[in-house]
*Asks:* 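Take this structure, written in structure tokens, and hold onto it; I'll ask about it next.
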Amino acid sequence: VQLQASGGGLVQPGGSLKLSCAVSGFTLDNYAIGWFRQFPGKERQGVSCINNSDGSTYNADSVKGRFTISRDNAKNTVYLQMNNLKPEDTAVYYCAAKRGYRATMCVRHAGGMEYWGKGTQVTVSS
């Protein structure tokens, strides 16, 4: 089982980035896939999750209206489109998977996620 996050980088405030999480070793069905971020010295926190059984999604309040999670089952990949980025979005972003989780549980309980990929750095700065 492997999750590979990519797409991070440096962007100016107000800009956009699209992160990708390529999953191998299992299919997306019956799993919740989520994006999480970690600020220096802080624990990982949920950003956005999708339940691939029913397609339901859930976003943390801090990113609602700006970030959108989506999936491409044919490519076994989950995306995070991040718009109107702010300096406070600067963090290392990770994707993770958990079988049977609802999207809300995924965002609220990062510690319960089963599989994690390596992070990708997102820096929002002028």
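Both backbone and side-chain heavy atoms feed into the values below; hydrogens, waters and symmetry mates do not. Just so we're clear, the structure is a prediction, and the values are computed from it rather than from any experiment. Just so you know, residue 1 is the first one in the sequence shown, and it goes up from there.
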*Asks:* Can you get from V124 to W35 by hopping between Ile, Leu, Val, Met, Phe, Trp and Tyr side chains that sit under 4.5 Å apart?
*Replies:*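 V124 clusters together with W35.
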*Asks:* Hey, any chance V107 and F36 share a hydrophobic cluster, counting ILVMFWY side chains that come within less than 4.5 Å of each other, even indirectly?
*Replies:*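 V107 does not cluster with F36.
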*Asks:* Listed by chain and number, what are the side-chain hydrogen bond (donor to acceptor under 3.5 Å, both in side chains) partners of T123, not counting sequence neighbours?
*Replies:*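 T123: side-chain hydrogen bond (donor to acceptor under 3.5 Å, both in side chains) contacts with Q121.
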*Asks:* Do you know the tightest heavy-atom contact between A97 and I33?
*Replies:*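 Looking at all heavy atoms of both residues, the closest pair is CB-CD1, 3.4 Å.
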*Asks:* Nearest 0.5 angstrom please: Q45 CD to Q38 CD, how far?
*Replies:*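 The CD atom of Q45 sits 9.5 Å away from the CD atom of Q38.
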*Asks:* Sequence neighbours excluded, which residues qualify as side-chain contact (heavy atoms from CB on, under 4.5 Å) partners of S24?
*Replies:*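 Partners of S24 by the side-chain contact (heavy atoms from CB on, under 4.5 Å) criterion, ordered by chain and then number, come out as Q2.
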*Asks:* Kindly say whether V23 contributes a backbone atom to a donor-acceptor pair with the side chain of N76 at under 3.5 angstrom?
*Replies:*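 Here the side-chain-to-backbone pair exists.
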*Asks:* Locate the shortest heavy-atom distance separating N73 from L28; write the atom from each residue and the value.
*Replies:*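 The pair with the smallest heavy-atom distance is OD1-CD1, 3.4 Å.
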*Asks:* Compare every heavy atom of S48 with every heavy atom of L80, then report the nearest pair and how far apart it is.
*Replies:*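 Heavy-atom minimum between the residues: CD1-CB, 3.8 Å.
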*Asks:* Which distance, rounded to the nearest 0.5 Å, do you find between the OG1 of T77 and the CG of L19?
*Replies:*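 Taking OG1 in T77 and CG in L19, the distance rounds to 12.5 Å.
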*Asks:* Would you say that more than 12 heavy atoms from the other residues, nucleotides or ligands in this model lie under 6.0 Å from the CD of E43, or not?
*Replies:*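 12 or below, so no.
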*Asks:* Which pairs pass disulfide bond (SG atoms under 2.5 Å apart) with one or both residues in residues 78-126, sequence neighbours excluded?
*Replies:*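 Applying disulfide bond (SG atoms under 2.5 Å apart) to every pair that reaches into residues 78-126, excluding sequence neighbours, yields C21-C95, C49-C106.
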*Asks:* Could you give the side-chain donor-acceptor pairs of residues 112-119 under 3.5 Å, partners two or more places apart or in another chain?
*Replies:*
none

*Asks:* Could you list the residues that satisfy side-chain hydrogen bond (donor to acceptor under 3.5 Å, both in side chains) with S16, not counting sequence neighbours?
*Replies:*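 Result, side-chain hydrogen bond (donor to acceptor under 3.5 Å, both in side chains) vs S16: N83.
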*Asks:* Mind checking ring pair (Phe, Tyr, Trp, His ring centres under 6.0 Å) for Y101 and listing every partner two or more places apart, or none if nothing turns up?
*Replies:*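 For Y101, no residue satisfies ring pair (Phe, Tyr, Trp, His ring centres under 6.0 Å) once neighbours in sequence are set aside.
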*Asks:* If you apply the rule side-chain contact (heavy atoms from CB on, under 4.5 Å), what do you find for V122 with M82, and how did you get there?
*Replies:* CA-CA 10 Å; V122 172; M82 305 186 294; 3.9 Å; yes
*Asks:* Minimum heavy-atom separation for R99 to Y31, with atom names?
*Replies:*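 Shortest heavy-atom contact: N-CD2, 3.4 Å.
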*Asks:* Assigning hydrophobic clusters by single linkage (Ile, Leu, Val, Met, Phe, Trp, Tyr; side-chain heavy-atom cutoff under 4.5 Å), is V63 placed with V11?
*Replies:*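 Linked within one cluster.
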*Asks:* List in chain and number order the residues that pass side-chain contact (heavy atoms from CB on, under 4.5 Å) with S53, two or more places apart in sequence or in another chain; answer none if no residue qualifies.
*Replies:*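 S53 satisfies side-chain contact (heavy atoms from CB on, under 4.5 Å) with N30, N51 only.
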*Asks:* Could you please spell out the steps behind the side-chain contact (heavy atoms from CB on, under 4.5 Å) verdict for R66 and K86?
*Replies:* CA-CA 10 Å; R66 300 189 299 123; K86 304 175 181 180; 3.8 Å; yes
*Asks:* Within this structure, what is the CG-CD distance for the pair L85 and Q12, rounded to the nearest 0.5 Å?
*Replies:*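 Answer for the CG-CD pair, L85 versus Q12, is 11.5 Å.
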*Asks:* Could you list all the ring-ring contact (aromatic ring centres under 6.0 Å, His included) pairs where at least one residue sits in residues 69-95, not counting sequence neighbours?
*Replies:*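 Pairs touching residues 69-95 that pass the test: none.
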*Asks:* Sequence neighbours excluded, which residues qualify as side-chain hydrogen bond (donor to acceptor under 3.5 Å, both in side chains) partners of N52?
*Replies:*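 In terms of side-chain hydrogen bond (donor to acceptor under 3.5 Å, both in side chains), with neighbours along the sequence ignored, N52 is linked to R71.
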*Asks:* Cluster question for you: counting only ILVMFWY and a side-chain heavy-atom cut-off of under 4.5 Å, with indirect links fine, are F26 and I50 together?
*Replies:*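 F26 clusters together with I50.
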*Asks:* Calculate, to the nearest 0.5 Å, the distance between atoms CG and OG1 belonging to N59 and T68 respectively.
*Replies:*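 Going from CG on N59 over to OG1 on T68, the span is 7.0 Å.
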*Asks:* Apply side-chain contact (heavy atoms from CB on, under 4.5 Å) to residues S62 and R37 and explain how you reach the verdict.
*Replies:* CA-CA 12 Å; S62 58; R37 63 188 181 186; 3.3 Å; yes
*Asks:* So how far is it from M105 CE to Y58 OH, rounded to the nearest 0.5 Å?
*Replies:*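 Going from CE on M105 over to OH on Y58, the span is 12.0 Å.
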*Asks:* With sequence neighbours left out, write down each residue that passes salt bridge (Lys or Arg N to Asp or Glu O under 4.0 Å) with R102, or none if nothing qualifies.
*Replies:*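 Result, salt bridge (Lys or Arg N to Asp or Glu O under 4.0 Å) vs R102: none returned.
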*Asks:* Which residues satisfy the salt bridge (Lys or Arg N to Asp or Glu O under 4.0 Å) test with D61, sequence neighbours excluded?
*Replies:*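 Only K64 meet the salt bridge (Lys or Arg N to Asp or Glu O under 4.0 Å) criterion with D61.
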*Asks:* Got a sec, which residues hit salt bridge (Lys or Arg N to Asp or Glu O under 4.0 Å) with K42, two or more places apart in sequence or on another chain?
*Replies:*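 By the salt bridge (Lys or Arg N to Asp or Glu O under 4.0 Å) rule, K42 matches no residue at all.
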*Asks:* Distance from D89 atom CG to S125 atom OG, nearest 0.5 Å?
*Replies:*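 It comes to 12.5 Å.
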